[in-house]
Student: 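Here it is, the structure in full.
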Amino acid sequence: MIKALGYFIEIIRGILITTRHFVVNLFFHILKVLGIKTKRKGAVTIQYPEQKKEVASRHRSLHRLMTRKDGKPRCVACMLCVTVCPSECIYVEAAEDPDLEIQKYPAKFIIDLGRCCFCGFCVEACPEDAIRMDTGNVDFAEYSQQDLIYDLDKLIG
Amino acid sequence: MTETLTEMLIIFIKIVCALVWFLLLTLYLTWLERKESALIQDRLGANRASIFGIRIIGLFQPFADAIKMIFKEDFVPSFSRKFLHTIAPFISFFFVAITIAAIPFGDILRIGNRTINLQILDFNVGLLFVLAMLSLGIYGIILSGWASNNRYTLTGGLRGVAQVISYEVALGLSLIGLIMVYPSLRLSSIVLYQGELLFGFLPKWGIFLQPLGFLVFMFAALAETKRVPFDLPEGESEIIGFFTEYSGLKWGLFMMTDFMEIIIVSTLLTTLFFGGWQVPWLASDGFHFPWGGELMLPHLVVVLLQVAAFNIKVFFFCWLQILIRWTYPRFRYDQVMDLGWKLLVPLSLVNIIGTGIIMTI
Amino acid sequence: MIKIFIDEQQVEVEEGMTVLKAAERAGIHIPHLCYHPAFPPEGSCRMCLVEIEGFPKLELACSTVVKEDMKISIKSARVVEARKAVLEFLLAEHPLDCPICDKAGDCKLQDYYDEYGLFESKFSETKEKREKKLKIGKTLILDQERCILCTRCVRFLKEVTKTQELGVFHRGIDAEVNIYEGAAVLNNYTGNLAQICPVGAITDEDFRFKTRSWFLKEGESICPLCSRGCNILIEYHPGFPRFEVPRRAYRIKARENPEVNGFWVCDRGKYGYSYLEEGRADKIILNKIEGKDVLTWENISEYLGEKIKRVSSAKKTSGIALVLHTWLSNEELFLIHKIFRKGLKVKKIFFADLPQGEADEYLLTSETSPNRRGAQEIGFDIKAVNLDALAKGTDFLLAFGPFLSGLFSLKALKEVLSKVKRKVLISSYLNEVNSLFDIVIPAALIAEKEGSLTNVDGVIQSFKPALEPPGESLPEWKVLADLGKELGTDSKLFEDLNSPGAILGEMGKEIPFFKKK
Ligand code: SF4
Ligand code: SF4
Ligand code: SF4
Ligand code: SF4
Ligand code: FES
């Protein structure tokens, strides 16, 4: 009997909690419609495409290739990222740079983002800090698979 | 001759008005459900549907939903019984929609020397009619579950039927006390009785005369609507239920039936326990306050006030039912049955006996 | 035979051996950089230090000769410490630009650092700047910063080619490997330098930056470009799952075989590997064919057999002519010998090979095909193609190889071949002569099939497939074995000849030269 009573009390409490939320949130929404600024908001929702959330600094987002001071890619086409990539979605073709200090540069650098699993291994493996995943860009959806294959220009740009 | 024609015209207008009211309210109940749940959960709710960039807090959402539902593929599984599969949602929809005919929206409207009853049909067995129609809705459930020819839908349908039939008993019994108090089955007279005063100041509403009956009726009615916490026939997220094999417009009909049941339950609660269109102390010529003092009002204003009171009460119960749906978790099946048979039915019996004893005294 | 102990393990070795060789023979690896089995020990890198009981200091394994009951330890704390120190000194002046170094992946310095080094560098001084991209001849590039002065290259040029184009100049920190003024490394064996340099100091433009060595797989094969039959490794890219790689074979390395080529290959074999991919035929080409319009590998021998039977029964065998070449393996030539010469008594057999080239005094021979000796030993009379004799009275011509087009003008060939009723070509290449034949069947190359070759000195060398044959190509011996069965001259024998090994066994029975020694 006591147990049943407790149960009943909890039921009532439950509906009071939801009612409170309803009323309080409605109140703040109305204040907002009336143009009154309050610290608290009626909802925690972030209105996505218009409002964006700051991604954490360690978040792994779209890749970018770093450049040297003169704008050439920092990458030396060592293909360690190609080797380590578990999705096997990076392709690099090297070419000879006349600059003796550089010697090797990527003539082709392709990442198939449709396959990438954003593990960040490529960033870890790179000995030149040439590739990073810190653009903060997470919404690069495309309508075709082909458009998700990023080449050197897109990765540097 | 002209007399019958006008009568028919008036009935026709009443039917159209009532149906429009019913369906619009159904549509906006979906909106209310979204928004209310959002508020409860600190969200914003659907607010993207727009016409020419105008959004007004998602008020167009029901229309967007409707358009989507109409244009979705109407999928009929190849293994189903096609005819029954097609007809089932319409049966469900029809029997709920027709109940609105017996609900009194207001008292009598006088235009010139003609009096118009603000009710489509004033049955002398109105209450029984509503209950009967609601029971017939079960056929929609069992037919859809069976005609889909899928063991899960069949199980869902069986659960649904068992639940609805069980609670029908409590539902019916809980009203017996009420009928004993207001000795009529005519819904309009039940409302009229509630216009009287108790101890000179308290309106003679069903809630005051039949508190226990009210509680039992409300729980039983909630179970009738098959929504959380009684959504065993079709748990949206987890349990496979009777309309799993439906899509598009037919699925939409089931969905609408659900919301229409909410409205019907609200109108019944209002009519039976909260004085229907009655406003406390408002008589047909104006307010007569119990502490003396009067406020005379023109006839049209009185009628408007009554209709408004009816609507406000109905809205409140709709809101309350949605609140309940977003507060509680689902019952286990045995708990549903226990609640129905072991608690509500005995309680309603107690209510009948108690009412009888008090009345004889 | 004497016995020594390496890390307590007793090993029997021949007298006069060095410790390093003795350990190697026993399957124990002692790290070394400058020692190369082809040359006498030099002792310049100090990587091979070991501790020997009774010797006060650590000794060089590469140049210490074993003695009875010598107790050697190669893992003691002193040795490990010394090895680490040697590595540290070697790396003190090393640029460590592994990301752009072609050797990375099979660099001994990398491997040893990984196994024995793993220290933090204590040097804060800037490293000496040297020439990083010095062209030293043909396709070789010298990076003096990466050189560890092991002098393997210098010794190779002194002892193998005897041309001595490289030397070590200056002393101390200025010491460097360089070419003598005005000279360049221009002999026929330069390709080996990139292979024997233990680090990435000498790299090869032919391979430079094309891929990374760890992507490559090795396949053992025999070089078919001259009749020496040098043993080689073909390093090929198995491909990436999602991207196309520009080619298959990336480089050729010498494979050790003291009997034939020692440790080396010549530059023709090293760089001439484009024949593996360029212009390969990968589909059966049907130019003119009656009856069945689909020919596959399953029914091709049936088809050929039927045609040959018809010709031989109508006109005797003078209606059949063959054009062979000596890139065919012993087994294939033997099958042809068996079916056509012995079985059908065909007389018109010609050989179409590329003309002879220049020989050098070492490995390269003047013969440009690998198996002329094999053909001779089987008993073929190697006649060059005579077009008139070939076409006269011929109804069926079966030709092998792409070389006809190099020997005759297309016009002359067309004129002659138009007289022959039915012509079939089995060739690995897309070639202009292909259009003159009714059917062209793609064949696998030596690198892609199994068999054996007889080199200029009569050494019979077996080989296994190193690469996959492209498309529909299959080895010739398969077609020939099926054809043998089809023609039924000696069908019971052909039942058993279902692998090159079996064919070679049969050859040994019939021709004493091929008997296993
Ligand atoms: S993040 Fe991971 S999967 Fe994506 S490219 Fe880098 S290594 Fe490959
Ligand atoms: S690991 Fe870095 S330097 Fe090497 S290829 Fe990838 S991006 Fe370029
Ligand atoms: S030779 Fe090349 S791969 Fe070897 S350690 Fe030096 S830079 Fe690295
Ligand atoms: S270039 Fe290579 S082989 Fe020659 S001395 Fe230097 S490290 Fe040794
Ligand atoms: S291998 Fe012995 S000193 Fe170099």
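Residue numbers start from 1 in every chain, and the chains themselves are labelled A, B, ... in the order their sequence lines are given, proteins ahead of strands.
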Student: Can you tell which of C:Arg208, C:Lys132, C:Lys133 makes a side-chain hydrogen bond (donor to acceptor under 3.5 Å, both in side chains) with A:Gln103?
Tutor: C:Arg208

Student: How about A:Asp112 and C:Phe243: do any of their side-chain heavy atoms sit closer than 4.5 Å?
Tutor: yes

Student: Is the number of heavy atoms from other residues, nucleotides or ligands under 6.0 Å of A:Tyr48 OH greater than 12?
Tutor: yes

Student: Can you give me the closest heavy-atom contact between C:Ile100 and A:Ile102, atom names plus distance?
Tutor: CD1-O, 3.8 Å

Student: Mind listing the closest non-hydrogen atom pair of C:Pro99 and A:Glu128 along with its distance?
Tutor: CG-OE2, 3.9 Å

Student: How about CZ on C:Phe169, more than 12 heavy atoms from neighbouring residues, nucleotides or ligands closer than 6.0 Å, or not?
Tutor: yes

Student: Nearest heavy-atom pair of C:Trp214 and A:Thr83: which atoms, and what distance?
Tutor: NE1-OG1, 2.7 Å

Student: Near A:Lys41 NZ, under 6.0 Å, is it more than 12 heavy atoms from other residues, nucleotides or ligands?
Tutor: no

Student: Crowded around A:Gln51 CD? As in, over 12 foreign heavy atoms under 6.0 Å?
Tutor: yes

Student: Answer yes or no: are there more than 12 heavy-atom neighbours, outside A:Glu10 itself, under 6.0 Å from its atom CD?
Tutor: yes

Student: Contact part of C:Glu205 toward chain A, heavy-atom cut-off under 4.5 Å: side chain, backbone, both or neither?
Tutor: neither

Student: Looking only at heavy atoms, which two atoms of A:Val82 and C:Phe215 are closest? And how far apart?
Tutor: CG1-CZ, 3.8 Å

Student: If we ignore hydrogens and angles and just use 3.5 Å, is the side chain of C:Arg212 paired with the main-chain N or O of A:Cys78 as donor and acceptor?
Tutor: yes

Student: In this structure, are over 12 heavy atoms from other groups packed under 6.0 Å from C:Lys135 atom NZ?
Tutor: yes

Student: Within the supplied structure, the quantity of interest is the number of heavy atoms (other residues, nucleotides, ligands) at a distance under 6.0 Å from C:Glu120 CD; does it exceed 12?
Tutor: no

Student: By a 4.5 Å heavy-atom criterion (distance strictly below it), what part of C:Phe209 contacts chain A: side chain, backbone, both, or neither?
Tutor: both

Student: Is C:Arg242 reaching over with its side chain to a backbone N or O of A:Ser87, donor-acceptor style, under 3.5 angstrom?
Tutor: yes

Student: Assign the ring pair A:Tyr91 / C:Phe240 to parallel, tilted or perpendicular, where the plane angle (0 to 90°) is split at 30° and 60°.
Tutor: perpendicular

Student: For chain C, which of A:Met79, A:Glu96, A:Glu93 has the most heavy-atom pairs under 4.5 Å?
Tutor: A:Glu96

